[in-house]
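Below is one structure, written out as structure tokens, with a few remarks after it.
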Amino acid sequence: MTDDVSELHRLCDVAAEAARLAGSIMRSSFEGDFSFHEKSSFKELVSDVDLQCQETVVGHVLEAFPDHAILGEESDEHLDWRSCDGTVWLIDPIDGTTNYVNGIPFCCVSVAAARDSKVVAGAILDPFRDELFTAVRSDGAQLNGKSISVSKCKNLADSVVATEIHYALLRGRTGHFSGFPRVGRSVRSVRVMGSAALALAYVARGRLDAYWTANLSPWDTAVGQLLIEEAGGRVTDLAGNAYYPRNGPVLASNGRIHNKLLAIVH
Ligand code: 2AM
Ligand code: CA
């Protein structure tokens, strides 16, 4: 292992440790008496548990690397992570907050480390199934320490894909919905999971063949994109252009059905 790779593994280990700390808060507070409120609209919630998890993750990362920069979903300021010098961490303390608040145990914590405008290592933890997805750039993707790869599905008719719905509707992005019936008719089934990061991890693991949506944020996709690419899949915008974690649409797949989906998603 070169120094460089071992350095990236160190980032991955710290991401995984931070995710485990947040995961244990998520589990112990689940169905408990926490409070939550709306953010910019009635469709976006943040709970006390999100804030506690973010504080814990940030605390752990900064203890290990005091001079690194932080972009967290629940931070007051959202810096442009690609213009940061050195290492920047992209943190989603609970991805799937609406699921969490409703007592639906499908959500995760996502912690990524990026350098030179690229995500280089990260971890997604599903604390309810004890599934830890990890990836290191150019060194593969793993689930609980075992290598994972995307599905082999080649035909849309055999594929199971996932998406999100609500934000697109509110912002008048009806284009997402004009593509929806075409996708629905072409694939075996469409799922709405409610946690983008965990759905992306499922694409990397081959449980879903693809995932697309009209609008996500950088912390939603940072680890998921790396997992999928390291597991042999492909991530682009909805026009097939190169993707990096940002505010906007995304199409992630096993690669084999990517072009067929691109042709019908928008
Ligand atoms: P969150 O739970 O961390 O807010 C379905 O709700 C998915 O969309 C979740 O992954 C959710 O992340 C994400 N999401 C929620 N609000 C969003 C927003 N305003 N923009 C983009 N993605 C959002
Ligand atoms: Ca999120």
Side-chain angles (χ1 to χ4, degrees), residues 15 18-19 22-23 25-26 29-30 34 36-58 70-76 78 81 89-112 119 122-128 133 161-173 175-177 180 190-204 208 210-228 235 237-238 243-252:
I25 296 170
M26 284 169 75
S29 304
F30 193 60
F34 58 84
F36 61 90
H37 62 268
E38 293 168 9
K39 293 207 274 189
S40 61
S41 87
F42 70 100
K43 292 193 176 284
E44 285 182 70
L45 302 179
V46 59
S47 73
D48 291 351
V49 189
D50 293 68
L51 302 176
Q52 219 185 324
C53 287
Q54 174 152 314
E55 200 179 309
T56 301
V57 171
V58 172
I70 303 283
L71 169 60
E73 176 169 16
E74 311 307 340
S75 307
D76 291 336
H78 285 162
W81 69 273
W89 291 75
L90 284 71
I91 297 164
D92 195 340
I94 299 183
D95 188 64
T97 299
T98 303
N99 280 350
Y100 188 84
V101 165
N102 279 267
I104 300 170
F106 192 88
C107 43
C108 66
V109 44
S110 176
V111 185
V119 176
I124 286 175
L125 177 72
D126 171 352
F128 300 103
F133 299 85
V161 308
T163 189
E164 311 295 341
I165 293 179
H166 44 302
Y167 303 102
L169 257 185
L170 196 66
R171 291 180 185 159
R173 290 176 191 244
H176 185 56
F177 296 97
F180 197 92
V190 179
R191 297 279 176 267
V192 176
M193 318 288 284
S195 167
L198 201 48
L200 292 170
Y202 277 28
V203 174
L208 290 169
Y211 176 90
W212 95 104
T213 195
N215 189 33
L216 288 177
S217 303
W219 45 80
D220 296 321
T221 58
V223 181
Q225 177 178 17
L226 181 62
L227 279 166
I228 290 170
V235 183
D237 68 13
L238 298 190
Y243 178 83
Y244 63 86
R246 60 181 186 264
N247 295 320
V250 65
L251 170 63

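Both ligands and their constituent atoms are indexed starting at 1 by order of listing.
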request  = Tell me, please: is D95 in heavy-atom contact with ligand 1, that is, under 4.0 Å?
outcome  = yes

request  = Run the numbers for me: atoms of ligand 1, each under 4.0 Å from some heavy atom of E73, listed by number.
outcome  = 3 (O), 4 (O)

query = With no hydrogens and no angle check, is any side-chain donor or acceptor of D220 less than 3.5 Å from a backbone partner on A196?
reply = no

task = Look only at the side chain of N215 and the backbone of G248, and say whether a donor-acceptor pair between them is shorter than 3.5 Å.
result = yes

note = Numbered in order shown, the ligand 1 atoms found under 4.0 Å of a heavy atom of S195 are 10 (O)

For the Ca ion (ligand 2), the closest N/O/S atom belonging to D92 = OD2

ask   = Under 30°, 30 to 60°, or over 60°: which ring-plane class applies to F106 and Y202, parallel, tilted or perpendicular?
value = perpendicular

ask   = Do D95 and S110 pass the side-chain hydrogen bond (donor to acceptor under 3.5 Å, both in side chains) test, and can you show the C-alpha distance, the side-chain angles, and the key distance before you say yes or no?
value = CA-CA 7 Å; D95 188 64; S110 176; over 6 Å; no

ask   = Any idea which atoms of ligand 1 are less than 4.0 Å away from a heavy-atom of T97?
value = 2 (O)

task = Would you tell me whether Q225 and Y244 have side-chain atoms, one donor and one acceptor, within less than 3.5 Å of each other?
result = no

request  = Please answer whether the main-chain N or O of L71 pairs with a side-chain N or O of H78 as donor and acceptor at a distance below 3.5 Å.
outcome  = no

inquiry  = Among the N/O/S atoms of D220, which is closest to the Ca ion (ligand 2)? Give the atom name.
reply    = OD1

remark   = At under 4.0 Å between heavy atoms, what of N247 touches ligand 1? The answer is neither

key: Which of the ligand 1 atoms, numbered from 1, are nearer than 4.0 Å to a heavy atom of D92   = 3 (O)

task = Mark up the atoms of ligand 1 that fall under 4.0 Å of a heavy atom belonging to A196, in ascending order.
result = 9 (C), 10 (O)

message = Need the atom name: nearest N/O/S atom of D95 to the Ca ion (ligand 2).
response = OD1

ask   = Any idea which atoms of ligand 1 are less than 4.0 Å away from a heavy-atom of G96?
value = 1 (P), 2 (O), 3 (O)

query = Applying a strict 4.0 Å limit to heavy atoms, is I94 in contact with ligand 1?
reply = yes

inquiry  = Closer than 3.5 angstrom, by distance alone: can the side chain of T163 be matched with the main-chain N or O of W212 as a donor-acceptor pair?
reply    = yes

message = Are more than 12 heavy atoms, taken from residues, nucleotides or ligands other than F36, located less than 6.0 Å from that residue's CZ atom?
response = no

